[in-house]
Structure formats: C-alpha cells, structure tokens
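Model, not experiment: these values are computed from the prediction. Starting from 1, each residue takes its place in the sequence as its number. First listed ligand is number 1; within each ligand, the first listed atom is number 1.
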Amino acid sequence: MRIDVVTLFPDLVNCVAGCGITGRAVERGLLALHCWNPRDYTEDRHRTVDDRPYGGGPGMVMKVEPLRRAVHDARGAAQVPATVVNLSPQGRRLDQAGVRHLASRPRLILIAGRYEGIDERLVELEVDEEWSIGDYILSGGELAAMVVIDACARLLPGALGDEDSAEQDSFTDGLLDCPHYTRPEVIEGLAVPQVLLGGHHGEIERWRRKQALGRTWERRPDLLEKLELSEADERLLEEYRREHAP
Ligand SMILES: COc1ccccc1CNc1ccc(C(N)=O)cn1
C-alpha cells in the first residue's frame, strides 16, 4: 500500500515511518510513505501557502495552487490511481469500518490542512473523500493523517506478527476489548483473575468473550445496538449482567 501525505510538516508525519508497527511495515515494504510539501510548490519569494479569508474573519486559509500542484505531483509519482482524502472536522467520523475501507485502497493521498483549513475549491477539484478522526479541532491534519496511517498499516497482511493482537483487536468484531494482565500475579493486593492462570483455553476464551460483551454493554451500549449477538453471546452477556448488576 502506498500513502502520500500533502503536508507543511513532513518531519512530523515521517515519524510514523521510523518506529513501531508502522515503521516495520515500511521496513518490510508493506507500506510506502511519501510526503509532499505545498511550500515547495510556491512561486513567490515568501513561499506563501496561505492567505486571508474572503469575507473576513480570524485566521488564514490554505491557498489552492500550492496544494493542487503538490497533489498533482503526488498523483504522478506512481502508476496506481489514488484516493484523495482530506482530513478535516467536516469529514465522516472514522471508525474501524472506515479504516478497513481506507486500508483496502491500493493508494491514498492524504491532505493535512493547517490554519483555518483549505480553500473549498481544492476540495471540489481534487478531494474524493473527507474523513474526521473525531469531533475536535487540531492545529493541523497531520496527527489525523498519522492516525489513518497507523490504523491502516495494522491491517496490511504481514504487518503484525502473531505476537500482536490485530485479530483480537477490540472493534474488529465490533466489541470493546477484554481486560489484559501480565506478571506479576499480584500487585498491591490485586490478583490476576484465576481463570487466566488455569491454562484451560476454552474457559479463558469464554471469560474473555464475556468480558468483551460485558464491558461493551457497560461502556458503549451504542456499539452493542449495532450487533446481532449469537445465542451463546446473549447467554454470556446475561451471565455478566447478573454478576455485575448495580
Ligand atoms: C481547523 O482545522 C482544520 C480545518 C479544516 C481542515 C483541516 C484542519 C486542520 N485541523 C484538523 C484536521 C482534522 C481534524 C479531525 N478531527 O480529524 C481536526 N483538526
């Protein structure tokens, strides 16, 4: 998978290429990451990428031309046609289904805006999809782009060894994750649930599923609404509810 990022801060975005699972995905050639800086596509002495908003108001708006030239060069840098994505608070809320959608694209060009945002005509001329990582304002789209890169990289075949937990990742099956424990067995009088120490894999699996169902019911009932639970899951959740009824 190839991801190009149009950004005024390539050093920030390139951090994902240097460490962890995303760094390993790049190392293994599973993910190619390239940044394009609109400032390199300016023609004036001051390398101007922003200007004052028509209609007045605070802040600045990113100009179309430097962005458009950067997108054009990004497109031309590989044969594979790209899906151009603008990261903005106005976009569709990203969830794991959205990540699966984006990770299924052979190529993404992510636009990371700064200032008050980008001239709407760039969106009309070049952008295929707008996505938001949540209902909050960031100083730029770079962190949102890095979230997309990380979440997509985890889904690329070979990115995670079996030492990682993408398969059991919460949200993969629409539920929150079960609690996790590691050594020592007791900390400050808090012991690891006995079932996890017994080595009975069937019991452990059952306990983990029940915890995932129960925690989703307690913390994110909205997620549960969206799911068709199996008979077995319904029974597990019922058991959890009885044990944890307030
Ligand atoms: C006012 O900022 C903008 C306005 C418009 C576009 C981009 C920006 C850059 N900032 C962003 C970007 C994304 C998100 C998000 N929630 O995904 C939050 N902030």
Write out the residue and atom name of the closest protein heavy atom to [atom], then the distance separating them to 0.1 Å.
atom	result
atom 4 (C) of ligand 1	E116 O, 3.5 Å
atom 17 (O) of ligand 1	I133 N, 2.9 Å
atom 5 (C) of ligand 1	G117 CA, 3.6 Å
atom 19 (N) of ligand 1	L138 N, 2.9 Å
atom 9 (C) of ligand 1	G113 O, 3.4 Å

Could you list which atoms of ligand 1 come closer than 4.0 Å to a heavy atom of [X]?
X	answer
Y115	1 (C), 2 (O)
G134	16 (N)
Y136	16 (N), 18 (C)
L87	6 (C), 7 (C), 12 (C), 13 (C)

Pairs in or reaching into residues 202-246: which pass ring pair (Phe, Tyr, Trp, His ring centres under 6.0 Å), with residues at least two apart or in two chains?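 Every pair satisfying ring pair (Phe, Tyr, Trp, His ring centres under 6.0 Å) with a residue in residues 202-246: Y240-H244.
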Quick test of your reading of the structure: of S88, A145, P89, whose heavy atom lies closest to atom 3 (C) of ligand 1?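 Nearest option to atom 3 (C) of ligand 1, by heavy atoms: P89.
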Any Lys/Arg nitrogen of [X] or [Y] sitting under 4.0 Å from an Asp/Glu carboxylate oxygen of the other?
X	Y	value
E43	R69	yes
D173	R209	yes
E234	R241	no

Would you say E129 and H101 are linked by a side-chain donor-acceptor pair, where the criterion is simply a distance under 3.5 Å?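 Yes, because at least one side-chain N or O of H101 sits under 3.5 Å from a partner of the opposite role on E129.
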Distance-only polar pair, side chains of W36 and D73, donor-acceptor under 3.5 Å: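 W36 vs D73: no donor-acceptor pair found between side chains.
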R92 side chain vs S132 backbone, donor-acceptor pair below 3.5 Å: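 Between the backbone of S132 and the side chain of R92 there is no qualifying donor-acceptor contact (under 3.5 Å).
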Indicate yes or no: does an N/O atom of S139 lie under 3.5 Å from an N/O atom of ligand 1?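 No; the residue has no nitrogen or oxygen that sits under 3.5 Å from a nitrogen or oxygen of the ligand.
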For residues S230 and D233, determine if any side-chain heavy atom of one lies less than 4.5 Å from a side-chain heavy atom of the other.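 They are in side-chain contact.
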Looking only at heavy atoms, is any part of R114 under 4.0 Å from ligand 1, and if so is it the side chain, the backbone, or both, or is it neither?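 Neither; nothing of R114 gets under 4.0 Å from ligand 1.
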